[in-house]
Amino acid sequence: MTAEHVIVTSTTDSESAARELAVKVIEARLGACAQIVGPVTSVYRWEGAVQTGREWRVEIKTTADRVPALTESLRQLHGYDLPEIIATPIEGGSGEYLAWVTTETRNGG
Amino acid sequence: MTAEHVIVTSTTDSESAARELAVKVIEARLGACAQIVGPVTSVYRWEGAVQTGREWRVEIKTTADRVPALTESLRQLHGYDLPEIIATPIEGGSGEYLAWVTTETRNGG
Amino acid sequence: MTAEHVIVTSTTDSESAARELAVKVIEARLGACAQIVGPVTSVYRWEGAVQTGREWRVEIKTTADRVPALTESLRQLHGYDLPEIIATPIEGGSGEYLAWVTTETRNGG
């Protein structure tokens, strides 16, 4: 992980579950800001057949050093056995905004 | 391309076309999981004027080594002359989930 | 910033404001194509409490060399004091599409 800031994305099966994940990780300062996008249609292979399902996506802006704790927290909070949890790098943009992301993810702020 | 896993995104002009792209590439193991997001409003310049249109986005999680074949397949399946097909890197998250993406994109699984 | 092409994302509080941002930056050739996604639910901490709000996201495909000017333009056009403006790298996909993004973001095209 070379980027200082990242977006961590997970998906779940209801809007309320997505909101709960978002609120809990922001409360715990594991991310500065989360966005819930959905419903989206997921298409995947399960037990040999292609399946589709309705899901909601949670996208969390955070710092790279918070990714392990955020991933572990999402795994514990999540209702799925094998949840999608992926981190994508942020490589620029507004310096002030990224500084705010850093501040919001420190303890005791 | 240095990331082992990527998200490949394309957009098309109907939800049914987006679903068809998603199902075909998952069936062909060119990706592990696709999500359809939309409708979104696209804004672009065409023949000198700014145009807007309603589109659906297909986002496919796959491995970096599948990107050339996936790109070629999307190009052939796509109804557009010059479709958007872009790959963005995944740099972390759940190791188990990323291992599942790798398994699902191998042949004969 | 090592990627040649990037996605610059911002969020704002209405669909019309999102459209205006998108149209203005495409007109100015600061990006080739923008997509408006929403509404999304944003969750963040403000003055010590977790807040939620409805927002629209603008995602702009452009070249890395246009990011500083695009960021500055979004800052000036934006109604927020501290808008989200983040750049995420594109690392592959359709070469023809990415060449089109480059052409559309040059002046005098």
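Protein chains get the first letters and strands the later ones, always in sequence-line order, with residue 1 at the start of each.
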So which part of [X] gets closer than 4.5 Å to some heavy atom of chain C, the side chain, the backbone, both or neither?
X: B/Thr9; value: neither
X: B/Thr71; value: side chain
X: B/Pro68; value: neither
X: B/Thr52; value: side chain
X: B/Val8; value: neither
X: B/Glu55; value: side chain

> Taking side chain as C-beta onward, heavy atoms only, is B/Val40 less than 4.5 Å from C/Glu59?
Replying inline: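 Answer no - side chains too far apart.
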> What part of C/Arg57 gets closer than 4.5 Å to chain B, counting heavy atoms only: side chain, backbone, both or neither?
Replying inline: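 Neither part; nothing is under 4.5 Å.
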To the nearest 0.5 Å, what is the distance between [atom1] on [X] and [atom2] on [Y]?
X: C/His5; Y: B/Thr88; atom1: NE2; atom2: OG1; answer: 14.5 Å
X: B/Ile7; Y: C/Ile90; atom1: CD1; atom2: CD1; answer: 12.0 Å
X: C/Ser94; Y: B/Leu74; atom1: OG; atom2: CG; answer: 10.0 Å

If I compare all heavy atoms of [X] with all of [Y], which pair ends up nearest, and what's the gap?
X: C/Gly95; Y: B/Arg75; answer: N-NH2, 4.1 Å
X: C/Ile26; Y: B/Arg45; answer: O-NH2, 2.9 Å
X: B/Val43; Y: C/Ala22; answer: CG2-CB, 3.9 Å
X: B/Pro89; Y: C/Pro89; answer: CD-O, 3.4 Å

>> Set out, in order, the CA-CA distance, both residues' side-chain angles and the distance that settles side-chain contact (heavy atoms from CB on, under 4.5 Å) for C/Lys61 and B/Ile86, then state yes or no.
In response: CA-CA 10 Å; C/Lys61 256 88 62 181; B/Ile86 57 174; 4.0 Å; yes
